[in-house]
Protein chains: 2
Amino acid sequence: MRSRQIPEASVARLPVYLRGLVDIAESGTTTVSSEELARASGVNSAKIRKDLSYLGSYGTRGVGYDVDYLITQISRELGLTQDWATILVGAGNLGRALANYGGFADRGFRIAAIVDAAESKHGLAVAGLEVQPMDEVEQIIKAEDIAIAILAIPGGVAQDVTDRLVGAGITSILNFAPAVIQVPPGISLRKVDLSIELQILAYYEQRRQVSAHVRAGVTPHVLDDSR
Amino acid sequence: MRSRQIPEASVARLPVYLRGLVDIAESGTTTVSSEELARASGVNSAKIRKDLSYLGSYGTRGVGYDVDYLITQISRELGLTQDWATILVGAGNLGRALANYGGFADRGFRIAAIVDAAESKHGLAVAGLEVQPMDEVEQIIKAEDIAIAILAIPGGVAQDVTDRLVGAGITSILNFAPAVIQVPPGISLRKVDLSIELQILAYYEQRRQVSAHVRAGVTPHVLDDSR
DNA sequence: CCGTGTGAAATTATTCACAGCC
DNA sequence: GGCTGTGAATAATTTCACACGG
């Protein structure tokens with residue numbers, strides 16, 4: 001199909017396919033069907049075929065996809081053939097854990113700098129880098145040509161820090177801070193929030209417990225056949 | 001409207017509203033309009049009204065929503081009025097950071113136990129708990145009546161550990177391991193993956209750079225999550 | 001044959017727009 | 001007058017099912 005502008009939902013799955021493909025490649029397999037990739041990536045095969053069709057016609061009918069070729073194409077599409085310098089903002093528990101997290105430099109991402117507002121953290125060595133003062137953030141972003149920032153800071157300062165980073169030229173933000181932050185149009189923002197994920201799980205967990213009670217004959221509170 | 005079964009997309013936003021509402025409550029405001037909550041939660045007001053309508057008619061026309069009452073209703077709907085015991089699997093960098101992460105016990109969640117496969121970690125004190133051997137995980141889950149597990153383990157062992165946890169009675173999993181894991185039907189799974197989030201950002205970053213070369217037309221917008 | 005690629009159908013989610021009520 | 005609640009309209013996403021080509 002080869003249309004520009006891949007649907008957002010598809011883009012979000014491409015990295016998942018990539019991970020599956022890399023696993024498959026490591027096992028020595030060179031060709032994969034959408035059905036096999038479905039098993040490796042937890043996404044159903046029809047969705048995979050549709051998603052991949054947005055990239056182009058990279059499969060062979062009756063055969064499947066060449067694993068290495070597909071890895072190359074997805075990587076190119078995601079922009080993983082270039083190196084991305086990132087700045088980690090916040091050298092607390094979470095920030096340090098993220099910095100030391102292996103799978104990071106994994107796919108072309110590199111922490112180019114770590115900054116923290118607290119003077120007590122300055123000069124500290126984290127993952128082979130010295131934590132630098134927040135004061136220098138503008139200069140660092142410019143000097144290292146950084147577009148992506150990772151926020152591991154307290155919620156209370158998240159918006160102010162974000163505004164400052166955007167002012168300094170950051171255009172993509174991955175937010176680990178437990179706060180809603182606003183960005184101007186044209187800036188990408190993704191958030192990762194432990195507490196929110198747990199709350200979502202709790203909803204379904206509660207629902208599961210309630211229905212278990214009903215099945216067991218305990219307090220069949222509302223029972224409505226009409227749906 | 002008061003229908004059972006709230007759409008998944010709405011459920012995923014309820015915790016976001018809750019956070020916004022708590023912020024608003026702390027500022028001393030007692031009534032909020034969907035427009036104000038939109039500003040506080042980064043979701044547009046029409047969507048908010050629609051989402052809240054699934055819970056019931058808790059607003060007052062011409063006025064807005066009572067902040068405390070809405071907090072209560074959303075909390076109840078999400079199942080946050082009860083306490084949830086969780087087990088943290090993995091006491092490495094990330095696991096320890098998560099355990100020490102403040103906003104955790106925040107909304108009724110409590111780490112009841114921490115386990116790790118490595119003998120070197122056993123007995124270690126993390127966030128006021130002793131790291132216990134993986135051997136005892138079944139017993140711990142039963143004894144503490146734990147339904148939710150948080151996985152902060154290497155990708156390579158994620159599936160095996162998951163199978164074991166599900167076998168032991170876990171029904172909700174929050175996966176921080178960089179791996180695709182499969183769960184049986186009826187088990188909830190959410191994943192948080194640094195590397196995948198960065199790759200998604202890279203796609204839009206690349207696109208921004210390409211279009212900047214072409215012309216000054218900016219690609220707009222905030223990306224959303226989840227699934 | 002087999003598995004991709006893709007229109008078309010079905011489903012889910014978002015946005016609109018305004019009647020209804022405070 | 002202002003803001004909710006919600007049907008109806010629109011858009012996005014997923015699923016179906018099968019023609020097509022290796």
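In this text, all values refer to a predicted model and were calculated from it rather than measured experimentally. First the proteins, then the strands, lettered A, B, ... as listed; each starts at 1.
Per the geometry, OH belonging to B:Tyr17 stands 14 Å off C1' belonging to D:dT4, to the nearest Å. Rounding to whole angstrom units, CD of residue B:Glu36 and C1' of D:dG2 are separated by 12 Å. Note: CG (A:Leu70) to C1' (C:dG3) measures 14 Å, nearest angstrom. Note: CG (B:Leu55) to P (D:dG5) measures 10 Å, nearest angstrom. Regarding B:Arg39, its CZ atom lies at a distance of 10 Å from the P atom of D:dC3, rounded to whole Å. For the pair B:Arg49 CZ and C:dA19 P, the interatomic distance rounds to 15 Å; values are reported in whole Å.
Taking a cutoff of 4.0 Å between a charged side-chain nitrogen and a carboxylate oxygen, B:Glu36 and B:Arg39 do not qualify as a salt bridge.
Of the two residues near DNA chain D, B:Leu52 and A:Ala46, the one whose nearest nucleotide lies more 5' is B:Leu52. Nearest-nucleotide assignment on DNA chain C puts the 5′-proximal partner with A:Val63, out of A:Val63 and B:Gly62.
The backbone N or O of A:Gly79 lies less than 3.5 Å from no partner atom in the side chain of B:Arg207, so there is not a single donor-acceptor pair. No donor-acceptor distance shorter than 3.5 angstrom exists from the side chain of A:Asn93 to the backbone of A:Ala97, with no hydrogens or angles considered.
For C:dT4, the OP1/OP2 oxygens have a side-chain nitrogen or oxygen of A:Ser34 closer than 4.0 Å.
Within the model, atoms CD1 of A:Ile6 and CG of A:Leu55 stand 5.0 Å from one another, a figure rounded to the nearest 0.5 Å. Here the CG-OH distance, from B:Asp66 to B:Tyr58, works out to 13.0 Å after rounding to the nearest 0.5 Å. Rounded to the nearest 0.5 Å, atoms CD (B:Glu144) and OG1 (B:Thr86) are 10.5 Å apart.
Side chain A:Arg61 to base D:dC20: a donor-acceptor pair is found below 3.5 Å.
Side-chain proximity of B:Ser33 to the nucleotides D:dC3, D:dG22, D:dG5 is greatest for D:dC3.
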Enumerate all atom pairs, one protein N or O and one N or O from nucleotides 12-14 of chain D, separated by less than 3.5 Å.
residue	atom	partner	partner atom	Å
D:dT14	OP1	A:Arg13	NH1	2.9
D:dT14	OP2	A:Arg13	NH1	3.0
D:dT14	OP2	A:Arg13	NH2	2.7

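Residues satisfying the side chain to side chain contact (heavy atoms under 4.5 Å, CB included) test with B:Asp163, not counting sequence neighbours, are B:Gln159.
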